[in-house]
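Data block below; observations after.
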Amino acid sequence: MEILIRNKVIEAIKTLYGQDVDENQVQVQTTRKEFTGDKTVVVFPFLRFSKKSAEQTAEEIGNILVNTIEVLSEFNIVKGFLNLVIDKGYWINQFNTAAAEEKYGFKAPDEQSELVMIEYSSPNTNKPLHLGHIRNNLLGYSVSEIMKANGNKVVKTNIVNDRGIHICKSMLAWKRLGNGETPESSGKKGDHLVGEYYVKFDQLYKKEIADLIAGGLSEEAAKEQAPIINEAREMLRLWEANDAATRDLWQRMNRWVYTGFDETYKTLGVNFDKIYYESDTYTVGRDEVLRGVKEGIFEQMDDSSVWANLENDGLDRKILLRSDGTSVYMTQDIGTAKIRYSDFPIDHMIYVVGNEQIYHFQVLSLLLDKLGYKWGKDLYHFSYGMVELPQGRMKSREGTVVDADDLVAGMVDVARKVSEELGKLDNYTNEEKERIYRMVALGALKYFILKVDPKKTMLFNPEESIDFNGNTGPFIQYTYARIQSVLRKAADAGIEISTHTPEIELNDKESALIKILVTFPEVVKEAGQNHSPALVANFVYELVKEFNQFYHDFTIMNEPDVEIRKFRLLLAKTIGQTIKNGFLLLGIEVPERM
RNA sequence: GGCCCAAUAGCUCAAUUGGAUAGAGCAACAGCCUUCUAAGCUGUAGGUUUCUGGUUCGAUCCCAGAUUGGGUCACCA
């Protein structure tokens, strides 16, 4: 519709003033609520063609539009804004289209669809997931769903950083202090158990540093020479040298972590199509780096460490292999990228990784390019903002980290408490109740995180639990449940819901609802272009807010006019469907009752 | 210090990517359940969009500078 108007405006200006205007000079937007009309054309940019007043220009263009666009019957002018009124029939038509499709707004993939690979989550296996990972996982999953809804083929992938100095730290501490403790023996979740030893390592390390400083060493030297850190380094070297005992312990502890992660992923409702492990990919990366050395792309120093010099590209020097031959993060990422492109015909590669790694991905992109991979430059770093606490950034060493499992469990408790107070689920079984508590708790958490612009830093206050009223997930879930309740009542009463609405008179709320509803396909598209679940969240909220007003002001079941009642039922059903579909894109479930 | 990013109501976030009188929720206050689920609805109050300039018909949005906060510049990931 907007495109049609835009083209007609261009034609109008051509006939009126004999000038060609550029397409993006014509602004067509939805009319603001406080004015009458549906679409608004801003005429200010055309004044230099018309050489007339804004009102006159708008009048002239408006007359032509009304004559050339069938569904346009009237217009009004406020200053330089030409407000166009679109016929009711058009909206009813649009609504019927929306009502007829279960997946309204979604585009199904076909043979020509592009393949988008999305990497997200990508945890280290030395500690459990925290709030920062939650934002990553929710964004990654949601963006994947949004890309699918835009007709792409999507491969969700996870690169598990299961190797490196950080894992060795946990292993070392466990060896020293663990006394053979296992998840089974202690009843602790595996990832939490391993995480505890990571913290213990840090404590031992700090103590050694303090002792060395007391003995007269500088802080820098102390950090470098502490026996325990050297032992960890030696462990990493042994690991890369395939030392059997080291590998055994590593495998054992990683397995504990995976069991724990799987549980967390399951509660979060995220999943992956293809999982890569750094322990498999880093050697490919190392070979690539060594090839780079041979081809003169990278340089090897006397101590045999390997560097990339990116100073000509405006960046720094970057290490790719340590002097003891072990690999770093970047080495692995090179290998992983290569393997992925040979495994899949990737058209777009999206890395969901925090904005603290912007520099890392600039470098990675450049390195891949230098290694001769034409897709190196194409990788897209979906860089999202951090989650901050009122005190600032989360710091694992200071114990301010909000653990993912604890957070979810806490949310479920709150949901249970609220729900029990309201007592609406009293005739449900305990399993059904628990299922809904979880659904609501996760709805609150996910919506809270996904409704904010991914690029922005966001704040989470653990002191105040996430709200269930207002602009929240549960509010939207509640509206959905209400709609289902009405639909159940209709079904019980044997009232059939029409599948097609004739041209009836609409009240203000009804037409407002339809006008919001039919923007959904555009919202899905924009959310895909901008990689922004927040756009979907905002849309659903707007829709639901409007629906609740409608629900309050008008009755559905008690409407005496049969035609109108049938229409309202269909409207409610379609809105319910759209809420569900929108939330599907966010990875949030909706309950039939709550 | 170099580079990058942000700053909107007391708090958490929006603002159709340069358009009309900057909107929601929370918190505060005042109302609405004999009626399809009150996790709802209505109203009141709350703003020099950090500051100073510039660009233009028009700036929260673009440019320059300043202030504040954050990130990053590792043989960490």
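Below, chains carry the letters A, B, ... as their sequence lines are ordered, and counting in each starts from 1.
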Choose from [options] the nucleotide whose nearest atom is closest to any side-chain atom of [X].
| X | options | answer |
| --- | --- | --- |
| A/Y551 | B/C36, B/G71, B/C76 | B/C36 |
| A/K318 | B/C75, B/A77, B/C41 | B/A77 |
| A/R322 | B/C75, B/A39, B/G19 | B/C75 |

Distance test, side-chain N/O of [X] to OP1/OP2 of [N], below 4.0 Å:
| X | N | value |
| --- | --- | --- |
| A/Q477 | B/A39 | no |
| A/R317 | B/C73 | no |
| A/R48 | B/U56 | no |
| A/N469 | B/C26 | no |
| A/T30 | B/U16 | no |
| A/K79 | B/U21 | yes |
| A/K456 | B/U12 | no |
| A/K489 | B/U37 | yes |
| A/R416 | B/A39 | no |
| A/R32 | B/A15 | no |

Expressed in whole Å, how much space separates the P atoms belonging to B/A6 and B/U50?
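Per the computed distance, 13 Å lies between those P atoms.
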Take atom C1' in B/A22 and the same atom in B/C13, then report the distance between them in whole Å.
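Each nucleotide's C1' atom is 14 Å from the other's.
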Starting at OH of A/Y384 and ending at P of B/C13, how long is that distance when rounded to a whole Å?
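A/Y384 atom OH is separated from B/C13 atom P by 16 Å.
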Contiguous Watson-Crick or G-U pair runs (3 or more, under 3.5 Å) in RNA chain B:
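Result, WC/G-U stems under 3.5 Å: B:1-7 with B:67-73, B:10-13 with B:23-26, B:28-32 with B:40-44, B:50-54 with B:62-66.
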Assign A/R593 to base, sugar-phosphate, or nothing according to its heavy-atom contacts below 4.0 angstrom with the strands shown.
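A/R593: base contact, heavy atoms under 4.0 Å.
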Should B/U44 be called syn or anti, with syn set as within 90° of 0?
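Base orientation: anti.
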Charged N to carboxylate O under 4.0 angstrom, A/R435 versus A/E589?
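Not counted as a salt bridge, because no side-chain N and carboxylate O are separated by less than 4.0 Å.
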